Amino acid sequence: MATRLKDATAIVGIGQTPFARQLPSSEKTLACRAILDALDDAGIPPSQVDAFASYTMEETDEVEVAKAIGAGDVTFFAKAGYGGGGSCATVAHLAMAVATGQAHVGVAWRSRKRGSGPRPWRDTRAQLPTPAQWTRPYGLLRPADEIAMLARRYMHTYGATRDHFFNVALACRNRANQNPAAIMYERPLTREMYMTSRWISEPLCLFDNCLETDGALACVVVSAERARDCRRRPVYVHSAAQGLPAQHHGMVNYWNEDPLTGPAWTAGRHLWKNADLGPHDVDVAQIYDAFTALVPLSLEGYGFCGRGEGAAFTEGGALELGGRLPLNTAGGGLSEAYVHGFNLINEGVRQLRGTSTAQVPDAATCLVTAGEGVPTSALLLRS
């Protein structure tokens with residue numbers, strides 16, 4: 001199946017709504033707008049859509065979306081779990097469906113009103129899932145609290161510092177400053193601002209945490225053969241992977257022999273095993289950045305550096321344009337928008353089309369990753 005998937009499908013359309021802290025439209029309306037925008041970008045009428053993929057946390061469903069956009073008969077639909085860990089998996093599921101003939105035109109999407117909506121952990125009436133029974137009663141209420149523990153462990157074990165986390169935040173903010181669609185457009189970040197900002201969950205400060213955003217995004221997946229006739233330059237799905245390590249326990253991961261060996265390691269091994277390329281061939285990366293500390297962990301898991309070297313990798317402008325690995329070139333979840341990582345997929349497509357606001361010259365390969373710390377997924381895209 002992995003060989004059959006390689007370059008067999010392509011992303012041919014992308015769409016998105018504006019991003020804001022608060023948008024008046026419903027999540028369903030935002031989803032349909034993003035999907036129709038993506039289909040128009042591809043030059044494909046909605047009546048030809050026969051596959052859908054989204055997140056288990058998505059509040060809109062394929063039944064309502066299919067009716068609203070005017071889709072035809074739908075022969076494949078799927079949902080990927082674990083919040084931000086599911087972003088790349090939605091595209092992977094569509095790619096497998098199209099490559100095996102289960103469908104012909106697939107749409108993946110994420111619509112979210114997190115900026116204006118409630119926080120899920122505030123609902124004290126809900127029964128805690130099993131992992132949370134071992135964390136929330138002891139004060140780890142939010143994802144930020146759980147990642148803060150991993151960040152502190154990483155700092156203690158490998159000597160990472162807040163300056164390394166700042167390198168990540170700065171690279172994302174610098175790219176957002178070039179992107180008119182980004183929430184942090186024309187809002188520079190300095191080291192002094194970072195170091196004096198308030199704590200969210202120590203050692204993570206305000207600028208180590210992603211934005212709270214309303215918005216929606218979508219993309220369209222078809223076969224490589226059909227992609228040649230679409231409106232836009234195709235971006236091929238060269239390899240895809242999901243990753244759930246043995247004895248994984250969510251973002252705290254304390255049942256694993258090593259809490260810092262997260263899902264990126266499992267997904268990365270599978271991704272490269274089924275690719276003709278390696279980490280050294282990646283021209284630009286869109287690495288999931290709900291929190292700055294996840295980026296060094298992902299750099300290690302996906303093979304860009306050795307164990308414990310992710311923090312040092314960020315030094316010397318390595319993540320900036322012209323650096324060793326230009327990163328999150330639209331601003332990422334830290335500075336463009338946080339919609340569970342789907343904006344990283346769309347930016348990967350723009351980079352390989354040559355239409356990014358922070359274009360990497362001659363970019364031909366892009367790694368896109370989903371949330372580290374939770375069961376995750378990844379895409380290796382090529383032009």
Side-chain angles (χ1 to χ4, degrees), residues 1-12 14 53 80 84-100 106 108 219-224 227 233-244 262-289 294-295 297-305 310 313 319 324-330 332 341-354 356 359-360 362-372 375-383:
M1 178 59 69
T3 302
R4 192 171 178 179
L5 182 62
K6 189 185 300 177
D7 298 329
T9 63
I11 299 173
V12 292
I14 54 174
S87 59
C88 295
T90 63
V91 176
H93 291 179
L94 290 178
M96 287 188 285
V98 171
T100 56
C219 71
V220 180
V221 177
V222 301
S223 69
R233 177 182 178 181
V235 171
Y236 297 96
V237 179
H238 181 69
S239 183
Q242 290 181 266
L244 169 57
W265 291 82
T266 302
R269 285 191 293 268
H270 190 64
L271 185 80
W272 301 121
K273 178 181 70 176
N274 296 315
D276 294 335
L277 308 168
H280 58 280
D281 296 307
V282 173
D283 296 320
V284 58
Q286 315 297 331
I287 294 183
Y288 192 89
D289 60 337
L294 297 181
V295 172
L297 295 175
S298 295
L299 291 170
E300 296 174 18
Y302 288 100
F304 293 101
C305 54
F313 187 99
L319 309 181
R324 294 166 65 186
L325 186 68
L327 183 88
N328 296 5
T329 46
F342 209 105
N343 49 321
L344 300 177
I345 299 172
N346 282 17
E347 175 60 12
V349 172
R350 286 190 291 265
Q351 278 289 342
L352 300 188
R353 286 179 174 178
S356 172
Q359 184 62 46
V360 173
D362 302 317
T365 54
C366 180
L367 173 70
V368 185
T369 73
E372 171 62 342
T376 194
S377 53
L379 296 170
L380 183 60
L381 305 177
R382 73 163 187 86
S383 58

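Excluded from the calculations below are hydrogen atoms, water molecules and symmetry mates; all remaining heavy atoms, backbone and side chain alike, are included. Keep in mind that what you see is a predicted model, and the values were worked out from it rather than measured.
Using a 4.5 Å heavy-atom threshold, the side chains of E347 and S356 count as touching. Contact check for I11 versus I345: side-chain heavy atoms found under the 4.5 Å cut-off. Residues C88 and Y288 form no side-chain contact, since every pair of their non-hydrogen atoms from C-beta on lies 4.5 Å or further apart. Put simply, the side chain of V349 does not reach to within 4.5 Å of the side chain of C219, judged on heavy atoms. Taking 4.5 Å as the limit, every side-chain heavy atom of D289 sits out of range of all side-chain heavy atoms of L327.
Applying the side-chain contact (heavy atoms from CB on, under 4.5 Å) criterion to A80, with sequence neighbours excluded, gives A89, T90, H93. Checked against side-chain hydrogen bond (donor to acceptor under 3.5 Å, both in side chains), N343 has the following partners two or more places apart in sequence or in another chain: E336. Among residues two or more places apart in sequence or in another chain, the side-chain contact (heavy atoms from CB on, under 4.5 Å) test is passed with A227 by A10, V12, V222, P234. For T376, the side-chain contact (heavy atoms from CB on, under 4.5 Å) partners at least two apart in sequence or on another chain are P263, A267, Y302, A370.
For the pairing with S239, the side chain to side chain contact (heavy atoms under 4.5 Å, CB included) check across L367, N274, L277, L379 returns one residue only, N274.
A distance-only check finds no donor-acceptor pair linking the side chain of E372 to the backbone of L294 [under 3.5 Å]. Between the side chain of H238 and the backbone N or O of A275, no donor-acceptor pair lies under 3.5 Å.
A378 and L271 get closest at one heavy-atom pair: O-CD1, 3.9 Å. The two residues L380 and W272 have their closest heavy-atom pair at CD2-CZ3, 3.6 Å. Closest of all the heavy-atom pairs between A99 and T9 is N-CG2, 4.0 Å. Of all heavy-atom pairs spanning L344 and T369, the tightest one is CD1-O, 3.9 Å. The minimum heavy-atom distance linking G310 with E300 is given by the pair N-OE2, 2.8 Å. Of all non-hydrogen atoms in V221 and V91, the two that sit nearest each other are CG2-CG1, 4.1 Å.
The CZ atom of R4 sits 12.5 Å away from atom CE of M96, with the distance rounded to the nearest 0.5 Å. Rounding to the nearest 0.5 angstrom, the gap separating the CZ atom in R353 from the CG atom in N346 is 8.5 Å. Residue Y236 holds its OH atom at 8.0 Å from CG of D7, rounded to the nearest 0.5 Å. Here the CZ-NZ distance, from R382 to K6, works out to 10.5 Å after rounding to the nearest 0.5 Å.
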Side chains of residues 279-287: which donor-acceptor partners sit under 3.5 Å, not counting sequence neighbours?
from: D281; atom 1: OD2; to: G278; atom 2: N; distance (Å): 2.8
from: D283; atom 1: OD2; to: A364; atom 2: N; distance (Å): 2.8
from: D283; atom 1: OD2; to: T365; atom 2: N; distance (Å): 3.2
from: D283; atom 1: OD2; to: T365; atom 2: OG1; distance (Å): 3.3
from: Q286; atom 1: OE1; to: T329; atom 2: N; distance (Å): 3.2
from: Q286; atom 1: NE2; to: T329; atom 2: OG1; distance (Å): 3.1

